[in-house]
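Below you'll find the structure, written out as structure tokens, and then a few comments.
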Amino acid sequence: MKARIKFRKYGALRFIGHLDVMRFFQKVMRRADIPIAFTGGFSPHMIMSFASPLGIGLASEGEYFDIELTRPINSEEAVRRMNEACVEGIEVLSFRQIREEKKMTGMTILAGADYLVSGCEALPGDWKERFRDFMAQTEIKVIKQTKRSEKEVDIRPLIFRWKIRENEIFLQVAAGSSQNLKPDLVMETFCRFLDIPDEVRFGYCRLEMYAFGEDGKTLVTLESLGWNMEGEEKDEAQDSDREN
């Protein structure tokens, strides 16, 4: 049985790295008594995989990781227990059962992500008009580093949606193993478009992560691909009510 957990990461904890987040949730699983499954062998470890590691310094309202369970557990109870074991800076938002296929893990199906970019006040006063011009281009070419060399790529098709929200920029970009665009690359390229040094320090918050729906085109949240579990705790409570 597999489950998908959604959480938010904010405040000072946005500065801890991915490995620390993994270790944190391993402790939360033990303290919350979540029936997580372990691998076999001489060095068993919790079966846990994150959809996409979050960069240091980034906040998020929509992070995900998948686990395997040894038995059902009530979703609301699991969220309550985990939040009791958490600290300020990480909050569990949902705990949902997902399909069993390996190809349905968040890491495998991830296709897009929403980001909110702040710090635009440091840009020239006409930045909103210039950003519209920037996004109106049919191509936005950049040089991307690979493991062996560098190549020129067009990132415009990887920006699915965008919107100016007062002094912030909303971006929906490609994410995943096949295509991936980080919001900082978009903003660095925009600074070069403005012909200003790319020394502006933007803030980034990941809002949500998506997979493609059944039609292969529409983006749906990773959370929506799961369903709440009733689990043993709820069943026991119902039995107690019936006895009374």
Side-chain angles (χ1 to χ4, degrees), residues 7-22 50-65 89-90 106-107 110-210 219 221-222:
F7 68 97
R8 61 188 291 250
K9 180 182 174 189
Y10 61 96
L13 288 194
R14 71 185 188 276
F15 294 108
I16 68 172
H18 176 61
L19 290 178
D20 290 322
V21 173
M22 289 184 63
F50 285 72
S52 177
L54 187 66
I56 293 177
L58 274 69
S60 178
E61 296 294 322
E63 294 299 288
Y64 293 90
F65 66 98
I90 289 184
M107 182 185 299
L110 182 64
D114 292 343
Y115 291 89
L116 194 62
V117 183
S118 58
C120 298
E121 298 89 343
L123 294 171
D126 63 345
W127 71 267
K128 294 181 181 180
E129 291 76 14
R130 298 299 304 279
F131 191 80
R132 293 187 183 97
D133 294 339
F134 174 70
M135 292 304 304
Q137 300 177 103
T138 56
E139 294 182 329
I140 301 177
K141 292 189 175 181
V142 301
I143 302 297
K144 289 190 74 173
Q145 290 288 140
T146 65
K147 291 182 178 180
R148 297 182 179 179
S149 62
E150 58 183 26
K151 62 178 181 178
E152 186 179 59
V153 297
D154 178 17
I155 64 171
R156 184 62 186 89
L158 305 183
I159 305 173
F160 301 149
R161 294 172 54 212
W162 65 274
K163 186 176 183 180
I164 295 173
R165 297 181 176 177
E166 295 184 357
N167 289 320
E168 298 175 317
I169 298 173
F170 166 82
L171 294 171
Q172 185 178 84
V173 297
S177 56
S178 58
Q179 292 184 320
N180 187 65
L181 178 61
K182 295 182 178 179
D184 50 349
L185 180 58
V186 177
M187 298 310 296
E188 289 170 9
T189 309
F190 178 52
C191 286
R192 288 196 290 273
F193 178 81
L194 295 177
D195 198 23
I196 63 173
D198 57 358
E199 298 174 355
V200 179
R201 294 293 177 260
F202 297 102
Y204 302 97
C205 179
R206 183 151 65 188
L207 302 177
E208 187 56 90
M209 286 192 270
Y210 300 90
L219 290 176
T221 66
L222 295 184

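No experiment lies behind these values; they were computed from the predicted model shown.
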Would you list the pairs meeting ring-ring contact (aromatic ring centres under 6.0 Å, His included) in which at least one residue belongs to residues 162-197, sequence neighbours left out?
Phe131-Trp162, Phe131-Phe190, Phe134-Phe190, Phe134-Phe193
For Ala111 and Phe160, work out which heavy atoms get closest and say how close.
O-CE1, 3.8 Å
Nearest-0.5 Å distance, OG1 of residue Thr189 to CD1 of residue Ile140
7.5 Å
Minimal heavy-atom distance between Ser52 and Glu63, with the atoms involved, is O-OE1, 3.6 Å
Val173 to Leu181 - nearest heavy-atom pair and separation:
CG2-O, 3.2 Å
Tell me whether Arg130 contacts the main-chain N or O of Asp133 through its side chain, where contact means a donor paired with an acceptor under 3.5 Å.
no
Check this for me: Lys128, atom NZ, are more than 12 non-hydrogen atoms of other residues, nucleotides or ligands nearer than 6.0 Å?
yes
Sequence-distant partners of Glu166, side chain to side chain contact (heavy atoms under 4.5 Å, CB included), two or more places apart:
none
Side-chain donor/acceptor pairs under 3.5 Å, residues 115-127, sequence neighbours excluded:
from, atom 1, to, atom 2, distance (Å)
Tyr115, OH, Arg206, NH1, 3.2
Ser118, OG, Gly203, O, 3.4

Does the side chain of Lys182 come within less than 4.5 Å of Tyr204's, by heavy atoms?
no
Can you tell me how far apart OG1 (Thr221) and CG (Leu207) are? Round to the nearest 0.5 Å.
13.0 Å
Would you give the length of the straight line joining atom NZ of Lys163 to atom CZ of Arg161, rounded to the nearest 0.5 angstrom?
8.0 Å
CE (Met209) and CG (Leu222) are apart, to the nearest 0.5 Å, by 6.0 Å
Taking the side chain as everything from C-beta on, heavy atoms only, tell me whether Val21 gets closer than 4.5 Å to Phe50.
yes
Considering non-hydrogen atoms only, spot the tightest contact between Leu110 and Ala51 and give its length.
CD2-O, 3.9 Å
Side-chain atoms of residues 7-20: list all donor-acceptor pairs with protein atoms under 3.5 Å, sequence neighbours left out, distances to 0.1 Å.
from, atom 1, to, atom 2, distance (Å)
Arg8, NE, Glu61, OE1, 3.1
Arg8, NH1, Glu91, OE1, 3.1
Arg8, NH2, Glu61, OE2, 3.4
Lys9, NZ, Ile16, O, 2.9
Tyr10, OH, Gly89, N, 3.3
Arg14, NH1, Gly11, O, 2.9
Asp20, OD1, Arg23, NH1, 3.0

Side chain proximity check, Val142 to Glu188, heavy atoms < 4.5 angstrom:
no
Below 4.5 Å, heavy atoms only, C-beta onward: do Met135 and Arg156 meet side chain to side chain?
yes
Going by the side chain to side chain donor-acceptor pair (under 3.5 Å) test, which pairs reach into residues 172-181, not counting sequence neighbours?
Asp114-Gln172
Between Pro183 and Leu171 the two heavy atoms that sit nearest each other are CB-CD1, 4.2 Å
What pair of heavy atoms forms the shortest contact from Leu58 to Leu54, and how long is it?
O-CD2, 3.2 Å
Hits for side-chain hydrogen bond (donor to acceptor under 3.5 Å, both in side chains) against Glu208, two or more places apart or cross-chain, chain-then-number order -> Lys6, Tyr64
